[in-house]
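Order of the sequence lines sets the chain letters (A, B, ...), proteins ahead of strands, with each chain counted from 1.
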Amino acid sequence: MPELPEVEVVRAGLEPAVSGATVRAVDVLDERALTRHLGTGAEFEARLVGRRIRSAARRGKFLWLPLDEHGGVDEALVAHLGMSGQLLLRAPGAPRERHERIRLEVEHPHHGELSVVFADQRTFGSLAIDALVATPDGRPGGRGSDRPAVPSQVQHIARDPLDPAFSDAAFRAALARKASAVKRVLLDQTVTSGIGNIYADEALWAARIHPETPALALSSRAVTRVLGEVRVVLEKALAEGGTSFDAQYVNVNGQAGYFAHSLNAYGRTGQPCPRCGRPIVRVGFMNRSSHYCPRCQRLTAVAG
DNA sequence: GGAATAACCTGGATGC
DNA sequence: TGCATCCAGGTTATTC
């Protein structure tokens, strides 16, 4: 599933191909891929054709391509991959992808013509054209952006733990006032972004913290450990190209990542914990699953 | 206002 | 073999 590392791999793949490119044509095949766009497919197409893409930026799981100003309006093409979305680079005229929803034909001054394909099996992902608004802290909007702006629909999303402008103090303060389970807080994109079910389970396993521990019950050292392990697991996954299951996530060239081989808890129900050998258990949590080691991650072991 | 839950969606796995 | 059901999970609207 596309979480921060997967989205960052896509962003990094898109950046050299689309920065400076001009959109020549847009084909919306399925308007369900525009659920975050305020307008019709035809309007989306008309508004995008002729625009020049400046760069590729990301905050958490949101990706956006800032566009040259048009009529005094500063805006971007925003993408969210949802659970199964893919952004693929293809040669012009390439055959339709399975579950292809939208295709952009772009022309780059150095690389020539290229197709940018948005494919999405489960249609939880979407594209949208959205206005850019100033960041409250005046810092760059996210990775790949040197401008202090984010799309309006990304305003409420917190910075991610790999963002140089991420505030450890604000994260600590948020945990200290929430009685919810720490895993729920890690998944709350308004507290910290980019973490999904896989990396929440992995970071909590590494930090030896039970996913249902109340956030405010964590000691200062435990919070430090969680945040440190979140960063370690995200950076390691990024280095390995992300986590792929059943080809649900691929980079812009359609290639899978390798991090699934490095998972210690997620998806390993019944298999021995790599640390103590006790079988990993799976429990229902927030309409999904939590995987943890019942020996290493005890509900009472929150101090230190 | 904060927290918890349901709904959205499709395809693969599983059970009968 | 074919059909029905379950499961995966990010975001948001709704409910408590």
Exercise for the section: Using atom types as modelled and distance alone, determine if a side-chain donor or acceptor of A:Q189 lies under 3.5 Å from a backbone N or O of A:G194. Expected result: yes
Problem - N/O donor-acceptor pair under 3.5 Å between A:E202 side chain and A:A265 backbone - result: yes
Looking only at side-chain atoms of [X], point me to the closest of [options].
| X | options | answer |
| --- | --- | --- |
| A:F124 | C:dT11, C:dG10, B:dA3 | C:dG10 |
| A:R98 | B:dG12, B:dT5, C:dT11 | B:dG12 |
| A:Q189 | C:dT11, B:dT5, C:dT12 | C:dT11 |
| A:N287 | B:dT5, C:dT12, B:dA6 | B:dA6 |
| A:E3 | B:dC9, C:dA8, C:dG10 | C:dG10 |
| A:R184 | C:dT11, B:dA4, B:dG11 | B:dA4 |

Exercise for the section: Starting from the C-alpha separation in whole Å, work towards a yes-or-no answer on side chain to side chain contact (heavy atoms under 4.5 Å, CB included) for A:R96 and A:R103. Expected result: CA-CA 9 Å; A:R96 293 264 184 244; A:R103 179 176 292 219; 3.4 Å; yes
Practice task
Select from A:M286 and A:H99 the residue whose nearest nucleotide in DNA chain B is closer to the 5' end of that strand.
Solution key: A:M286
Whole angstrom is fine here: how far is it from [atom1] in [X] over to [atom2] in [N]?
| X | N | atom1 | atom2 | answer |
| --- | --- | --- | --- | --- |
| A:F285 | C:dA8 | CZ | P | 14 Å |
| A:D188 | B:dA4 | CG | P | 11 Å |
| A:H80 | B:dC9 | NE2 | P | 17 Å |
| A:Q121 | B:dC8 | CD | P | 18 Å |
| A:Q86 | B:dT10 | CD | C1' | 13 Å |
| A:F62 | C:dT11 | CZ | P | 6 Å |
| A:R177 | B:dG1 | CZ | P | 14 Å |
| A:Y266 | C:dA8 | OH | C1' | 7 Å |

Handout entry: A:H70 atom NE2, over 12 foreign heavy atoms within 6.0 Å
Key = no
Practice task
Return yes when atom CG of A:L38 has more than 12 non-hydrogen atoms of other residues, nucleotides or ligands closer than 6.0 Å, and no otherwise.
Solution key: no
Taking only N/O atoms, report every protein-nucleotides 13-16 of chain C pair under 3.5 Å with atom names and distance.
none

When you measure from the side-chain N and O atoms of [X] to the phosphate of [N], is any distance below 4.0 Å, counting only OP1 and OP2?
| X | N | result |
| --- | --- | --- |
| A:R32 | B:dT10 | yes |
| A:H156 | C:dT11 | no |
| A:K178 | B:dA3 | yes |
| A:S180 | B:dA4 | yes |
| A:R282 | C:dA8 | yes |

Problem - Nucleotide pairing, DNA chain C (Watson-Crick or G-U, distances under 3.5 Å), in dot-bracket with [ ] and | - result: .|||||||||||||||
Exercise for the section: For residues A:A158 and A:S193, report the shortest heavy-atom separation together with the two atoms involved. Expected result: O-OG, 2.7 Å
Exercise for the section: Could you verify whether a donor N or O on one side chain and an acceptor N or O on the other, from A:S126 and A:R101, lie under 3.5 Å apart? Expected result: no
Exercise for the section: Decide whether A:H99 and A:Q86 meet the rule of one side-chain donor and one side-chain acceptor closer than 3.5 Å. Expected result: no
Exercise for the section: Please state whether the rings of A:F171 and A:F166 are parallel, tilted or perpendicular, taking 30° and 60° as the class boundaries. Expected result: tilted
Problem - Mutual orientation of the aromatic rings belonging to A:H111 and A:H108 [parallel < 30°, tilted 30-60°, perpendicular > 60°] - result: parallel
Fill in the blank from the handout: When A:I209, A:V281, A:D201 are each screened for side-chain contact (heavy atoms from CB on, under 4.5 Å) with A:Y292, the one that passes is A:V281
Handout entry: Base B:dG11 to side chain A:R122, donor-acceptor N/O within 3.5 Å cut-off
Key = no
Exercise for the section: Remember a base hit wins even if backbone is also touched, and classify A:T35 as base, sugar-phosphate or nothing at under 4.0 Å, heavy atoms. Expected result: nothing
